[in-house]
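Notes follow once the structure below has been shown.
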There are 2 protein chains.
Amino acid sequence: MRYSYQREIILDIVRSTKTHPTAEWIHNKAQKKIKAISLGTVYRNLGLLENLGKIQTVKDNNVVRYDCNIEPHNHLKCKICDTLIDIPVANEAMKKNVKSKYNFDVDDINITFIGTCSKHN
Amino acid sequence: MRYSYQREIILDIVRSTKTHPTAEWIHNKAQKKIKAISLGTVYRNLGLLENLGKIQTVKDNNVVRYDCNIEPHNHLKCKICDTLIDIPVANEAMKKNVKSKYNFDVDDINITFIGTCSKHN
DNA sequence: TAATAAATAGTAATCATTCCTAATAAATAA
DNA sequence: TTATTTATTAGGAATGATTACTATTTATTA
């Protein structure tokens, strides 16, 4: 894969935050560095970086968010402030459980806990 | 809420299958009974039926699927045949765990196991 | 049976994401 | 160093699920 300054900046931006930014947010930030960077370039490079295993994605409603945390992990989603909080994988043993109960080979577990985070109590 | 024949047909259709149909699929089926039923009517009534607690929704990629199973439950998603399989809630005790570890009050747990179902082995 | 207001059909708008293409730029060979 | 090749980009158009809008229809009730 050929070097691209756009891709470098995009990766830097994703790595600069734990807020699980959207493509649009990343695009806005990137424009501070490269005024003419296009949204398509941001999307394409985010996809490439995901394929390279350098970033992860999280589905949040109907938006994709990007995450520099590449460890397997799950999320707490606060319905009040919309924050996504990373948590370690809840239980690897669940995979074995599902295999024995349903004869279903689990590759990936997608867990989101929806509720109210510690800021609001 | 006023009676509507369209709404009755839509609920019947959702209750007729365990395939977690999309709004478009439901619309196609509904047109067999009511030739001029509009897609907007299908969406609006699916939303109303969800608010009434008569059906549930599942997010599948960027599509919403509808489910007549109104028990709390989670899903196995087969990446080969795209089937969604209902399973009972994996573990209610996880809520308490998350509360004590992260001081996060869980209302709802969203779990999808992605993998290969028993048809393919 | 007439009045009323909720529900519908049909279509336009929205919004995140993907696709397309001519122009640009990184890598490599001469 | 310079020319060549081809991946990458910018900019804008297209897509597809869903929502919004509005004139018309229909369930309800007085």
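None of the values given here were measured: they were computed from a predicted structure.
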For A/Arg7, the option from A/Asn45, A/Thr41, A/Asp12 that meets side-chain hydrogen bond (donor to acceptor under 3.5 Å, both in side chains): A/Asn45
Protein-nucleotide distance (B/Met1, atom CE; C/dA5, atom P), rounded to Å: 18 Å
Atom pair distance, as rounded to whole Å: CD in A/Glu8 and P in D/dT9: 12 Å
Between C/dA7 (C1') and B/Ile9 (CD1): distance, integer Å: 16 Å
Any residue of residues 37-62 of chain A with a heavy atom less than 4.0 Å from an atom of DNA chain D: A/Ile37, A/Ser38, A/Thr41, A/Arg44, A/Asn45
Whole-Å distance separating the OH atom of B/Tyr5 from the P atom of C/dA9: 12 Å
Backbone of A/Ile37 reached by a side-chain donor or acceptor of A/His27 within 3.5 Å: yes
Base partner of D/dT29, which must satisfy Watson-Crick or wobble distances under 3.5 Å: C/dA2
Separation of atom OH in B/Tyr66 from atom P in D/dA17, rounded to whole Å: 12 Å
Interface with DNA chain D, restricted to residues 12-26 of chain B and to heavy atoms under 4.0 Å: none
Atom pair distance, as rounded to whole Å: NZ in B/Lys35 and P in C/dT8: 16 Å
Check against side-chain contact (heavy atoms from CB on, under 4.5 Å), B/Arg15 and B/Ile55: CA-CA 9 Å; B/Arg15 286 187 171 156; B/Ile55 63 176; 5.8 Å; no
Hphob cluster co-occupancy, A/Val58 + A/Val63, side-chain heavy atoms under 4.5 angstrom: no
Full working for side-chain contact (heavy atoms from CB on, under 4.5 Å) between A/Arg65 and A/Thr19: CA-CA 9 Å; A/Arg65 295 184 173 279; A/Thr19 61; over 6 Å; no
A/Lys77 with A/Asp60: basic N within carboxylate O range, under 4.0 Å: yes
Crowding at NZ, A/Lys54 (>12 non-hydrogen neighbours, <6.0 Å): no
Closest-nucleotide 5' rank along DNA chain D - winner of B/Arg65 and A/Arg2: A/Arg2
Side-chain N or O of B/Ser4 closer than 4.0 Å to phosphate OP1/OP2 of C/dA6: no
Phosphate OP1/OP2 of C/dA9 contacted by B/Gln6 side-chain N/O (<4.0 Å): yes
ILVMFWY network linking B/Ile85 to B/Ile109, side-chain heavy atoms under 4.5 angstrom: yes
